[in-house]
Amino acid sequence: VQLQASGGGLVQPGGSLRLSCAASGSIFSISTIRWYRQAPGNQRELVASISSGKSTTVVDSVKGRFTISRDNAKNTVYLQMNNLKPDDTAVYYCNTNILGNNFWGQGTLVTVSS
């Protein structure tokens, strides 16, 4: 399984970005996909996840601002981020775990700054 994250960039506070995680492999549609982020000097933290049945979870700090979704026909998971704050600045990674093996995308940098 290969994961390709994209969509990061520089945005002003209050702005929006949509991250994409494109996956290879037919197993994508039955996999739970997660978005993590890691800010400088911080540990990597789970931000959101979506199951194969499209059940979603998001961490409290982004609830009401971030939405995770998936398009199995395109083998892609999205993270819509609205009302971005400087604290959201981080490298964002997509991840899946298959049979105990972790697979990570390469990360995409989100910078929220005026």
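Along the sequence shown, residues are numbered consecutively beginning with 1. Values below: all heavy atoms of this structure, side chains included; hydrogens, waters and symmetry mates excluded.
- One finds the CG atom of L84 at 5.0 Å from the CZ atom of F66 (value rounded to the nearest 0.5 Å).
- A donor-acceptor pair is defined here as one N or O able to donate and one able to accept, closer than 3.5 Å; no such pair exists between the side chain of R18 and the backbone of G8.
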Residues W35, L46; criterion side-chain contact (heavy atoms from CB on, under 4.5 Å); working and verdict: CA-CA 6 Å; W35 281 102; L46 177 65; over 6 Å; no
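- Here the options are L19, T108, T89, D88, the test is side chain to side chain contact (heavy atoms under 4.5 Å, CB included), and the partner is R37; only D88 passes.
- Distance OG/S20 to CG/L79: 9.5 Å, rounded to 0.5 Å.
- Nearest heavy-atom pair across F28 and D71 is CE2-O, 4.2 Å.
- A centroid separation of less than 6.0 Å is found between the aromatic rings of W104 and Y36.
- A donor-acceptor contact shorter than 3.5 Å is absent between the side chain of R44 and the backbone of Q38.
- Panel note: side chain S113, backbone T111; no donor-acceptor pair is recorded below 3.5 Å.
- The backbone N or O of A39 sits nowhere less than 3.5 Å from a side-chain atom of N42 that would complete a donor-acceptor pair.
- L3 is not connected to L109 by any chain of hydrophobic side-chain contacts under 4.5 Å among Ile, Leu, Val, Met, Phe, Trp and Tyr, and they are in different clusters.
- Looking at T56, its side chain never comes within 3.5 Å of a backbone N or O of I50 through a donor-acceptor pair.
- Taken from CD in Q106 to CD in Q4, the straight-line distance is 4.5 Å, to the nearest 0.5 Å.
- Cluster membership check: V62 shares its hydrophobic cluster with V11, using side-chain heavy-atom separations under 4.5 Å among Ile, Leu, Val, Met, Phe, Trp and Tyr.
- With rounding to the nearest 0.5 Å, the separation of OG in S51 from CD1 in I30 is 12.0 Å.
- Put simply, the side chain of I33 reaches to within 4.5 Å of the side chain of R70, judged on heavy atoms.
- For the atom pair OH of Y93 and SG of C21, the computed distance is 13.0 Å after rounding to the nearest 0.5 Å.
- Among L17, V47, V112, T67, the one residue that satisfies the side chain to side chain contact (heavy atoms under 4.5 Å, CB included) test with M81 is L17.
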Check against side-chain contact (heavy atoms from CB on, under 4.5 Å), T32 and T96: CA-CA 6 Å; T32 293; T96 191; 5.5 Å; no
Step-by-step side-chain contact (heavy atoms from CB on, under 4.5 Å) determination, Y78 to I68: CA-CA 6 Å; Y78 304 99; I68 188 170; over 6 Å; no
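- With values rounded to the nearest 0.5 angstrom, K63 atom NZ is found 8.5 Å from T57 atom OG1.
- Heavy atoms only, all atoms of each residue included: V91 and G107 are closest at CG1-CA, 3.8 Å.
- S16 and N82 share a donor-acceptor pair across their side chains, judged by distance under 3.5 Å alone.
- Between the side chain of N72 and the backbone N or O of N75, no donor-acceptor pair lies under 3.5 Å.
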Verdict with supporting geometry, I98 and F103, side-chain contact (heavy atoms from CB on, under 4.5 Å): CA-CA 8 Å; I98 299 171; F103 296 89; 4.1 Å; yes
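- S31 has its side chain out of reach of S52: every pair of non-hydrogen atoms, C-beta onward, lies at least 4.5 Å apart.
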